[in-house]
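Presented below is the structure to which this report refers.
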Amino acid sequence: MKIVFFGSSKFAVESLRALLESRHEVICAITQPDREKGRGLHLGKTPVKIFAEEKGLKIYQPFRKDLKKEIDLLRSLDADMFVVVAYGLILPKEIINLPKLFCINLHASLLPAYRGAAPINWAIINNEKQTGVSIIKLSESMDAGPIISSKKIVIDKDDNAFALEEKLAHTGSKLLVDTINSIESGNYKLKEQDKAKVTFAPKLTRQSGSIDWNDKAENIYNLIRGCFGWPGAFTYYKGKLIKIIRSDWDKSRDPDYEPGQICSIQKEGIRVNAADATVVIKELQPEGKKIMSCAEFIAGHKLAKGDTFAISP
RNA sequence: CGCGGGGUGGAGCAGCCUGGUAGCUCGCAAGGCUCAUAACCUUGAGGUCGUCAGUUCAAAUCUGACCCCCGCAA
């Protein structure tokens, strides 16, 4: 099949790789335009663009408002199917109807659950024990099309967003190729999503990573895992922002201290009281510093029991 | 020219404002104590204080340029 690939983020790279290695033909990759980002606001390429350049693929980067202008170009490519994976822009109806067959979309959740931009993060934050990938036929509204195939995977207790994304990207890329093969041979069914079971996973914001020590320890632990990478779960110590990279939690709690207060300082972990139990900080990153183990942090900072991690500076 | 923090023995930090002997916690090595220990005590090794230039009798510290790392912002 002749395929046009739409994708932007790291999650999409695995799928593109799998397609290139399959017997199908990827005509070109369409990804988001380079944006000013990072310190000094330099131009940043999407992971898909970087990968596609390596592979010598033709790349198009239309702005959202220009998508409709590209219709003639897209039509001229004469594709059988458009494959959309973590592209980040909504395709207008005119484009969805262009390919000879239809458009499909790989989404990192078991639809109809977790429609939206951050299904992987939210699955972890919400303490789900399993999630998966789904392939749907693209419709006009976000992640709402009928399901063609899906695959479940378990979320390990210590998976963070990064690890789970890798697993899902891998699982998803395989399912994608298998599903395209099935579609090619006509051996597939469309199953409408159960509207009663729809849930949403909205884009995370900076503030999503803010740790509320009055929450339950397990919730904080899940937030730290789920926000790993970006936006990162954070708290404040003596006015400085501290990102919590890795943690654990257990049910013991020191009643002498309030939520947010340090109740034990050991090389193995800094224990901080939450509402009902204790969060054990293992790895962290103070602002302006690199990621460090808590043993290193302790060595350089004069921590005391009762010191407070706060919600604001 | 988006805003901001930082580069000091192997690791994490203090010292810088108010120039004048290189400091703390940890790690490492040796010895000691102990039934024993990732515990404790003693001793020790290890540093061109990011780079270059300037000011000065004297620069980790003041000035300028450059290199590298990170937080915010997306």
Side-chain angles (χ1 to χ4, degrees), chain A residues 6-13 30-51 61-67 85-90 108 116-122 125 142 160-162 165 201-212 223-224 226-248 250 262-272 280-313:
Chain A
F6 291 71
S8 295
S9 76
K10 190 161 62 79
F11 180 80
V13 171
I30 299 182
T31 190
Q32 289 197 40
D34 296 346
R35 295 251 162 81
E36 286 185 342
K37 61 181 183 182
R39 288 170 219 102
L41 302 183
H42 297 299
L43 235 45
K45 302 173 182 177
T46 68
V48 165
K49 178 172 180 180
I50 293 167
F51 179 74
Q61 300 179 273
F63 284 96
R64 180 177 188 175
K65 59 179 164 51
D66 295 334
L67 268 172
V85 184
Y87 176 49
L89 298 178
I90 293 171
I120 299 170
N121 307 85
W122 282 107
I125 292 170
M142 158 91 73
N160 60 28
F162 185 86
E165 177 175 349
K203 212 160 150 178
L204 294 175
T205 67
R206 175 83 221 143
Q207 204 50 36
S208 311
S210 178
I211 295 174
D212 176 6
L223 184 74
I224 292 167
C227 291
F228 182 92
W230 199 88
F234 60 91
T235 186
Y236 290 91
Y237 176 70
K238 294 189 174 167
K240 295 277 174 93
L241 180 121
I242 307 270
K243 280 190 180 178
I244 310 299
I245 306 300
R246 193 165 59 82
S247 70
D248 201 352
D250 64 51
I262 296 173
C263 58
S264 158
I265 303 164
Q266 288 176 319
K267 290 181 212 166
E268 295 75 22
I270 299 167
R271 305 173 65 84
V272 183
V280 186
I281 297 171
K282 304 274 197 184
E283 247 178 334
L284 46 75
Q285 180 176 30
E287 77 181 64
K289 300 295 184 181
K290 295 183 181 178
I291 293 172
M292 63 182 79
S293 67
C294 76
E296 290 169 321
F297 184 75
I298 292 166
H301 298 79
K302 296 185 171 153
L303 293 183
K305 286 189 187 180
D307 281 356
T308 305
F309 285 119
I311 292 172
S312 59

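Letters A, B, ... mirror the listed sequences (proteins, then strands); counts begin at 1. Predicted model, so just to flag it, every value in this text is computed and none were measured.
Considering only residues two or more places apart in sequence or on other chains, A:Arg206 meets the side chain to side chain donor-acceptor pair (under 3.5 Å) condition with none of them. By the side chain to side chain donor-acceptor pair (under 3.5 Å) test, A:Asp250 pairs with A:Ser252, A:Arg271, sequence neighbours left out. Partners of A:Ser208 by side chain to side chain donor-acceptor pair (under 3.5 Å), not counting sequence neighbours, listed by chain and number: A:Thr205. Residues passing the ring-ring contact (aromatic ring centres under 6.0 Å, His included) test with A:Tyr87 are A:Phe6, sequence neighbours excluded. Among residues two or more places apart in sequence or in another chain, the side chain to side chain donor-acceptor pair (under 3.5 Å) test is passed with A:Glu268 by none. For A:Lys289, there are no salt bridge (Lys or Arg N to Asp or Glu O under 4.0 Å) partners, not counting sequence neighbours.
Pairing for B:A39 is absent, judged as Watson-Crick or G-U wobble with the two contacts each under 3.5 Å. Nucleotide B:G2 forms a pair with B:C72, judged by Watson-Crick or G-U wobble geometry with both contacts under 3.5 Å. If you check B:G54 for Watson-Crick or wobble pairing at under 3.5 angstrom, you find it paired to B:C62. Pair assignment for B:G23 gives B:C13, based on Watson-Crick or G-U wobble hydrogen-bonding distances that are each under 3.5 Å. In this structure B:U48 sits in no base pair that meets the Watson-Crick or G-U test at under 3.5 Å.
Using a 4.0 Å cut-off on heavy atoms, the residues of residues 226-237 of chain A that approach RNA chain B are A:Trp230, listed by number.
Residues A:Val48 and A:Ala12 share a closest heavy-atom pair of CG2-CB, 3.7 Å. Shortest non-hydrogen contact noted between A:Leu67 and A:Ile90 is CD1-O, 3.8 Å.
The side chain to side chain donor-acceptor pair (under 3.5 Å) pairs that include a residue from residues 230-246 of chain A are A:Trp213-A:Thr235, A:Tyr237-A:Asp307, A:Arg246-A:Glu283, where partners are two or more places apart or lie in different chains.
The residue among A:His301 and A:Glu287 whose nearest nucleotide of RNA chain B is located toward the 5' end is A:His301. Toward the 5′ end of RNA chain B lies the nearest nucleotide of A:Lys240, the other residue of the pair A:Lys290 and A:Lys240 mapping further downstream.
As judged by a 4.0 angstrom heavy-atom cut-off over every strand, A:Arg206 is placed among residues touching the sugar-phosphate backbone only. Here A:Gly38 lies in heavy-atom contact (under 4.0 Å) with a base. Among the heavy atoms of the strands lying under 4.0 Å from A:Leu41 is at least one base atom, whether or not backbone atoms are also near. Residue A:Gln285 is classed as a sugar-phosphate contact, given heavy-atom separations below 4.0 Å to backbone atoms only.
Across B:C17 and B:U61, the matching P atoms stand 9 Å from one another, rounded to whole Å. Here, B:A45 and B:A29 have their P atoms 16 Å apart, quoted to the whole Å. Rounded to a whole angstrom, the distance from the P atom of B:G47 to that of B:A39 is 26 Å. Taking atom P on both nucleotides, B:A65 is separated from B:G9 by 25 Å, rounded to a whole Å. Going from the P atom of B:A14 to that of B:G5 covers 14 Å, rounded to whole Å. Atom name C1', nucleotides B:U18 and B:A59: the rounded distance is 15 Å, in whole Å. Comparing the P positions of B:C57 and B:G19 gives a spacing of 15 Å, expressed to the nearest Å. Comparing B:C69 with B:U8, their P atoms are spaced 14 Å from each other, to the whole Å.
Of all nucleotides in RNA chain B having an atom under 4.0 Å from a heavy atom of chain A, the first and last in 5' to 3' order are B:G2 to B:A74.
Checking side-chain atoms of A:Thr31 against main-chain N and O of A:Gly7 turns up a donor-acceptor pair under 3.5 Å.
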